2 protein chains.
Amino acid sequence: MKRLTLEEIGQIAGVSRSTVSRVINGHPNIRPAVRQRVEDVIRQTGYQPNSAARSLASSQSRVFGLVMPSLMQSAFADPYYPLVIQAISHACNQHDYTPALFLFQTLEEEEKTSQRIVASGMIDGLVVTADTIESTFVSKIQEYEIPFVQIGRPLQASAADISYVDVDNEAGSYLAASHLIQLGYRRIGQLATAHNVAGAHRDAGFRQALTDRGLPIDESLIEVSDFSEAGGYDAMRALLERQPEAVFAHSDAIALGAIRAIRDRGLKVPKDIAVVGFDDMPLAASADPPLTTVRQPIYRTGTLAVETLIDIVRTSPAPARHIVLPVELVIRASSGAVS
Amino acid sequence: MKRLTLEEIGQIAGVSRSTVSRVINGHPNIRPAVRQRVEDVIRQTGYQPNSAARSLASSQSRVFGLVMPSLMQSAFADPYYPLVIQAISHACNQHDYTPALFLFQTLEEEEKTSQRIVASGMIDGLVVTADTIESTFVSKIQEYEIPFVQIGRPLQASAADISYVDVDNEAGSYLAASHLIQLGYRRIGQLATAHNVAGAHRDAGFRQALTDRGLPIDESLIEVSDFSEAGGYDAMRALLERQPEAVFAHSDAIALGAIRAIRDRGLKVPKDIAVVGFDDMPLAASADPPLTTVRQPIYRTGTLAVETLIDIVRTSPAPARHIVLPVELVIRASSGAVS
DNA sequence: CAAGAATTTGAGAGCGCTCTCAATATCTAT
DNA sequence: ATAGATATTGAGAGCGCTCTCAAATTCTTG
């Protein structure tokens with residue numbers, strides 16, 4: 001099918017290229033009759049402006065990039081990223097942006113692609129998930145002055161002029177720990193994740209809760225895990241030696257691994273050891289026992305990231321936006337509060 | 001940071017715009033000394049050609065679209081799609097293509113965005129996952145003559161001129177069913193999925209295996225489920241009434257749900273009922289008991305889809321490519337073959 | 001109904017690249 | 001050294017759009 005141009009649409013409608021352009025871009029000062037006529041032609045022909053020409057002339061592409069640097073294989077097993085991607089995709093569709101996806105499995109891959117992303121003008125803005133330690137990527141974006149928002153808070157001090165959308169990890173783990181304390185548990189372990197900002201915040205909230213309730217912090221009750229089920233299993237096996245009465249895991253996947261480890265040892269959840277997770281992923285509700293967990297609004301995070309980015313692009317230069325979304329504790333059987 | 005143009009690079013290197021263009025595009029017939037000089041300037045300046053201008057002049061964007069039509073919320077919980085996305089992203093990075101993501105949660109969303117995708121020239125080719133019944137999308141792509149490959153075989157007759165990459169679902173379920181039969185099980189149930197091509201093929205392979213081994217096909221031992229764990233649980237509960245000795249599930253998630261249902265009924269896997277899944281997702285190996293399942297090369301599917309698409313774009317017009325990848329049976333404890 | 005103001009439209013340049021074609025530089029063989 | 005072949009380079013048009021500026025049209029108002 002032959003693709004039409006503005007000129008040709010104009011010809012059919014009996015107006016100039018300029019007028020058609022005005023109609024498409026919603027400019028004022030067009031006689032209603034003319035606008036109608038042009039719109040009819042556009043609809044009938046299914047005309048869509050050539051996006052390359054548009055970008056070139058207007059120097060904006062209406063493409064957003066979604067960047068996930070140094071993403072390990074495993075991270076994607078977690079339903080977190082898929083959900084974020086889905087949210088971002090949907091929000092982009094909604095606002096007539098096209099989301100381009102940049103997943104980097106190695107630094108080498110990141111290196112190779114990132115220059116093209118920032119310097120080719122192909123992208124109007126970026127959503128960056130930067131949960132791990134800083135890559136050089138953010139500084140590169142800043143150098144080229146590309147608008148961007150991070151999902152997850154940046155750790156470093158330069159955070160003030162970086163826009164981000166994050167969930168209140170600290171409050172979440174505070175809730176989780178407080179819940180366990182209120183249920184009477186004293187020896188509360190933590191299956192923590194390291195090297196990521198969210199993990200640091202979750203750890204902080206956990207400690208704060210213990211401290212606020214006058215409990216000592218026993219470092220030997222804290223085991224480090226990655227975000228996987230298998231990691232949780234291993235970490236919990238180690239932790240079992242220390243005989244905790246309850247355990248707070250930094251993710252539901254970890255919690256599920258922990259439950260498996262506890263059961264393998266012949267113990268019952270929550271009777272012998274209570275478990276609380278973080279995420280409220282779909283499997284949490286149908287787990288055995290159903291998992292008490294901290295629900296974070298993952299989808300909303302993605303949506304807000306895009307909307308914030310649009311706002312930044314529109315009003316640039318703009319002050320940085322900082323959004324922290326609330327979380328909630330979902331109480332199910334695994335913590336022993338309900339049967 | 002000010003973005004440079006070809007002209008300016010040429011100025012610095014003391015050559016014309018045309019020559020720089022030639023260097024960038026790897027044309028022959030450039031004096032080595034000149035090429036060297038130009039390449040140095042490009043490297044030092046970090047110059048990247050403006051992609052809009054490039055697209056406009058060459059009428060190709062080096063962008064591939066990844067389209068997932070009528071995707072329900074739940075489908076994304078499955079690690080299948082994330083893995084495909086990851087593979088496609090990686091393959092695109094490898095070949096200097098940019099992957100644009102189009103997930104459609106509703107037909108309305110699909111309708112709104114699809115015209116832009118096909119008619120704006122923003123995209124050189126599409127990878128379409130069309131596991132469900134045909135949307136109007138494929139015919140639209142064909143109308144606009146955009147190269148595309150499907151992941152998963154098209155069901156309808158027009159398949160011959162559609163390129164696709166698929167796994168051998170039929171052989172997979174044939175393997176699974178044969179395995180169970182060989183182990184001596186006779187009343188073998190199936191937790192099947194409906195309304196998707198892969199499901200149809202898996203069902204066919206299952207039936208073929210029974211027939212080939214002289215077993216009757218008992219329709220009452222076939223329950224329909226969606227692809228979720230919860231769906232598997234419900235379907236298995238129903239199936240339990242019919243007292244199967246073994247059950248083949250169309251996905252690992254379904255199998256996991258089935259195991260939970262069996263256990264809730266006070267029965268043991270595999271002692272009372274053997275279970276085989278499909279996918280070999282990461283959780284399959286660490287499930288309790290470890291899941292016998294059909295491993296399909298999901299990642300490879302995505303990679304091949306991109307490579308095939310590149311091949312098609314390059315040699316267009318080209319005959320349709322049909323690729324069917326082999327699967328393998330991974331035997332673990334849940335089928336009762338090993339402890 | 002004319003003259004000025006306001007609205008609506010069109011012409012033209014230009015965004016940064018590719019690609020053709022012609023011009024120039026270099027090489028080969030006599 | 002020189003004609004002819006060949007390799008290398010540059011000039012210029014054009015891709016389809018946006019956006020400015022001026023022209024044409026319509027609307028006011030005395």
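Proteins come first, then strands; the chains are lettered A, B, ... in the order of their sequence lines, and each starts at number 1. Source: prediction; values computed, not measured.
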Pairs under 3.5 angstrom, nitrogen or oxygen only, protein versus nucleotides 5-8 of chain D, please.
{"from": "D/dT8", "atom 1": "OP2", "to": "B/N29", "atom 2": "OD1", "distance (Å)": "3.0"}

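- Rounded to an integer number of Å, the gap from CZ of A/R22 to P of C/dT8 is 11 Å.
- One can place CZ of B/R3 at 16 Å from P of C/dC15, the figure rounded to the nearest angstrom.
- Rounded to the nearest 0.5 angstrom, A/S21 OG and A/I9 CD1 are separated by 12.5 Å.
- Across the protein-nucleic acid pair, B/N50 atom CG and D/dC15 atom P stand 18 Å apart, rounded to whole Å.
- With sequence neighbours excluded, the residues satisfying salt bridge (charged side-chain N to carboxylate O under 4.0 Å, His left out) with A/R43 are A/D40.
- For residues 10-25 of chain A, the pairs satisfying salt bridge (charged side-chain N to carboxylate O under 4.0 Å, His left out) are A/E7-A/R17, with sequence neighbours left out.
- Residue B/S18 has no polar side-chain atom (N or O) positioned under 4.0 Å from OP1 or OP2 of D/dG10.
- Within the structure, a side-chain polar atom (N or O) of A/T19 is placed less than 4.0 Å from OP1 or OP2 of C/dG10.
- Judged by distance alone, the side chain of A/D166 and the main-chain N or O of A/V324 form no donor-acceptor pair under 3.5 Å.
- Within residues 51-63 of chain A, the residues having any heavy atom under 4.0 Å from DNA chain C are, by residue number, A/L56, A/A57.
- The ring pair (Phe, Tyr, Trp, His ring centres under 6.0 Å) search around A/Y144 returns none, not counting sequence neighbours.
- The distance from atom CE of A/M122 to atom C1' of C/dC17 is 15 Å, rounded to the nearest whole Å.
- A/F64 pairs by the ring pair (Phe, Tyr, Trp, His ring centres under 6.0 Å) definition with A/Y97, not counting sequence neighbours.
- Using a distance-only test at 3.5 Å, with no hydrogens or angles considered, a donor-acceptor pair links the side chain of A/Q115 to the main chain of B/G46.
- Relative to the axis of its first five pairs, the axis of the last five pairs of the helix from C/dC1-D/dG30 to C/dT30-D/dA1 sits at 30°, rounded to 10 degrees.
- Distance B/Q11 CD to C/dG16 C1': 14 Å, rounded to the nearest Å.
- Contact between the side-chain N/O atoms of B/T5 and the OP1/OP2 oxygens of C/dG16 is not found at any separation under 4.0 Å.
- For the pair B/I24 CD1 and C/dT18 P, the computed distance is 7 Å after rounding to whole Å.
- Taken residue by residue, residues 36-47 of chain B places no heavy atom nearer than 4.0 Å to DNA chain D.
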Could you pull out every donor-acceptor pair under 3.5 Å between side chains of residues 305-312 of chain A and any protein atom, sequence neighbours left out?
{"from": "A/T308", "atom 1": "OG1", "to": "A/L304", "atom 2": "O", "distance (Å)": "2.6"}
{"from": "A/D311", "atom 1": "OD2", "to": "A/R321", "atom 2": "NE", "distance (Å)": "3.1"}
{"from": "A/D311", "atom 1": "OD2", "to": "A/R321", "atom 2": "NH2", "distance (Å)": "2.6"}

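- Atom-to-atom distance recorded for A/Y81:OH and A/I151:CD1 is 9.0 Å, nearest 0.5 angstrom.
- For residues 44-56 of chain B, the side chain to side chain donor-acceptor pair (under 3.5 Å) pairs, not counting sequence neighbours, are B/N25-B/R54.
- Rounded to whole Å, the distance from CD on B/E7 to C1' on D/dT9 is 14 Å.
- Residues passing the salt bridge (charged side-chain N to carboxylate O under 4.0 Å, His left out) test with A/E111 are A/K140, sequence neighbours excluded.
- Expressed to the nearest 0.5 Å, how far OG1 of A/T5 lies from CD of A/E8 amounts to 4.0 Å.
- Close to D/dT18, at under 4.0 Å from its OP1 or OP2, lies a side-chain N or O of A/N25.
- Judged as a side chain to side chain donor-acceptor pair (under 3.5 Å), and not counting sequence neighbours, the contacts of B/Q94 are B/H90.
- Computed from coordinates, the B/L6 CG to D/dA13 P distance equals 18 Å when rounded to whole Å.
- Once rounded to the nearest 0.5 Å, the distance linking CG of B/L66 with CD1 of B/I88 reads 4.5 Å.
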